[in-house]
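Comments concern the structure below.
Values reported hereafter were calculated over all heavy atoms of this structure, with side chains retained and with hydrogens, waters and symmetry mates removed. Nothing here was measured: the structure is a model prediction, and the numbers come from that model.
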Amino acid sequence: MKNTKLSLVLASMLALSTSSFADDASDIAELKQQVKELQEMSQTLIDETSDLKTGFNYTTVDDSKSFSGLGAAASKVYYSKSPLSVGGYGEMYIKSTDKAGETSSEVNIKRFITYFGYKFSDNIILNTEIEYEGGGVEQAGGDAGGGDKVVVEFLYLDFLINEHANIRLGNFLVPVGIISQRHEPTLFTTVQRPETSKYLIPTTWAESGIMVFGDIAKDVSYKVAAITSLQTTANGSKWLRNGRGGSFANKNPNLGMVARVDYTGLTGLITGASIYVAPSADAKDSTTAMYEVHADYKNSGARVYGVYTQTNRTNAQDFNATKGVETAQGGYINASFDVLSLTSSEYSLPLFVQYESVNPQAKFVDGTSFNPVNTVTIGANFFPHEQVVLKVDYAMADNDYSNTGVNSSTISASLGFVF
């Protein structure tokens with residue numbers, strides 16, 4: 001009986017001891033987790049305090065983040081921890097062109113861009129882009145006079161209300177096509193932006209006005225804006241491009257309307273369409289209407305993107321009785337594959353091919369037209385870092401914008417970066 005009692009006492013003591021050890025082990029694990037969380041919180045507070053003291057956010061550009069269709073660098077302020085955000089991009093190139101047996105070459109610091117953004121609050125955000133083009137300012141005139149320029153590319157305030165309706169006021173990028181809003185050099189494969197984005201959708205294209213934007217439903221977003229319109233009074237291959245008002249003084253502007261819808265319901269896909277309609281010029285019975293469809297699809301190392309657009313101008317005889325341009329049309333498709341995605345390399349090496357057909361003078365008032373400029377471009381990009389790209393390409397065109405029918409070939413190389 002005594003032995004039985006002793007056994008029961010020993011068993012009880014052993015159980016209590018085991019339970020105590022188990023509780024201690026659990027307590028130790030819990031304490032370790034709490035210490036880890038406190039260390040992470042402390043580091044976050046240190047980072048945020050540093051940002052607030054300096055006024056800058058030194059986080060790298062996240063290519064996976066895009067606000068309202070903007071490029072990652074232009075979107076930086078929306079995800080910044082500090083009130084003030086600084087970002088930007090730059091690119092320079094060298095090219096050699098052979099046309100009708102004559103060779104010409106060029107080296108150009110094409111552009112350096114700075115983004116400055118400021119959060120007055122979580123709901124009121126300032127975003128700006130300042131562009132230094134062509135290496136600086138040497139002569140007056142901007143695009144029209146052939147000079148380089150320094151310009152406020154856009155400057156606007158966002159008033160963020162909810163996911164379905166937000167307001168943008170100021171001078172902003174017109175939401176047409178792909179490159180107009182996402183024009184940083186890491187976002188397209190060719191050395192030069194597509195010709196579509198020069199002659200048909202005059203990138204970069206910024207106008208002043210008011211925009212409402214948000215989500216219609218899950219994976220479906222919209223933008224609707226009332227803006228100053230293109231002054232499409234000219235003719236020739238640059239009749240659309242030369243109509244941009246930009247941030248310069250825009251006297252007696254007309255009111256234009258632009259609307260865009262995008263669908264992102266499939267992983268890696270952005271697809272949609274937009275329309276722009278506005279008077280062609282002040283005191284003229286002429287309307288310019290631009291339509292476009294676009295898509296950009298990424299899957300593992302593969303990417304396909306492209307745009308088709310057409311612009312019609314009514315009463316073009318008001319600007320030239322016979323050679324007033326009535327219609328411009330064209331587009332491109334670009335396919336690439338990152339060959340290093342098949343390896344364990346941390347770098348990227350997309351090889352690409354692009355086909356483009358551009359006709360800014362597809363129909364004149366007298367019924368005649370120019371032939372399109374068809375260009376095939378092949379090339380490669382090398383990303384030693386996700387924010388830095390080195391490009392090389394070879395472009396073969398079967399015409400020029402003067403419609404001479406002369407073939408040309410251009411080999412180019414460039415460097416580009418975003419920050």
Using the six-membered ring wherever Trp is involved, compare the ring planes of Tyr78 and Phe67 and label them parallel, tilted or perpendicular (cut-offs 30° and 60°). parallel

Verify, without hydrogens or angle tests, whether Ser121 (side chain) and Asn123 (backbone) share a donor-acceptor contact under 3.5 angstrom. yes

Please check if the distance between the ring centroids of Phe382 and Tyr347 is under 6.0 Å. yes

Is NZ or CZ of Lys238 both nearer than 6.0 Å to the six-membered ring centre of Tyr401 and within 45° of the ring axis? no

Matching residue for Asn399 among Val358, Thr375, Val373, Asn374 - test: side-chain contact (heavy atoms from CB on, under 4.5 Å): Val373

Test item: Lys391 side-chain N/O and Thr190 main-chain N/O as donor-acceptor pair under 3.5 Å: yes

Taking the cut-offs as 6.0 angstrom to the six-membered ring centre and 45 degrees off its axis, would you call Arg313 and Trp239 a cation-pi pair? yes

Lys NZ or Arg CZ of Arg168 over Phe213 ring: under 6.0 Å, within 45°: yes

Check whether the ring centres of Phe154 and Tyr156 lie less than 6.0 Å apart, and answer yes or no. yes

Do the side chain of Asn235 and the main chain of Val325 share a donor and acceptor less than 3.5 angstrom apart? yes

Side chain to side chain contact (heavy atoms under 4.5 Å, CB included) between Ser348 and Asp338, intermediate numbers included: CA-CA 6 Å; Ser348 297; Asp338 176 14; 3.5 Å; yes

For salt bridge (Lys or Arg N to Asp or Glu O under 4.0 Å), just list the numbers for Asp318 and Lys284, CA-CA rounded to whole Å, side-chain angles, deciding distance to a tenth of an Å, and then say yes or no. CA-CA 7 Å; Asp318 290 353; Lys284 294 287 185 180; 5.6 Å; no

So, for Phe364 and Phe370, is the gap between ring centers shorter than 6.0 Å? yes

Sub-3.5 Å donor-acceptor pair from the side chain of Lys119 to the main-chain atoms of Ser80, do we have one? yes

Would you check if the distance from the ring center of His183 to the ring center of Phe188 is below 6.0 Å? no

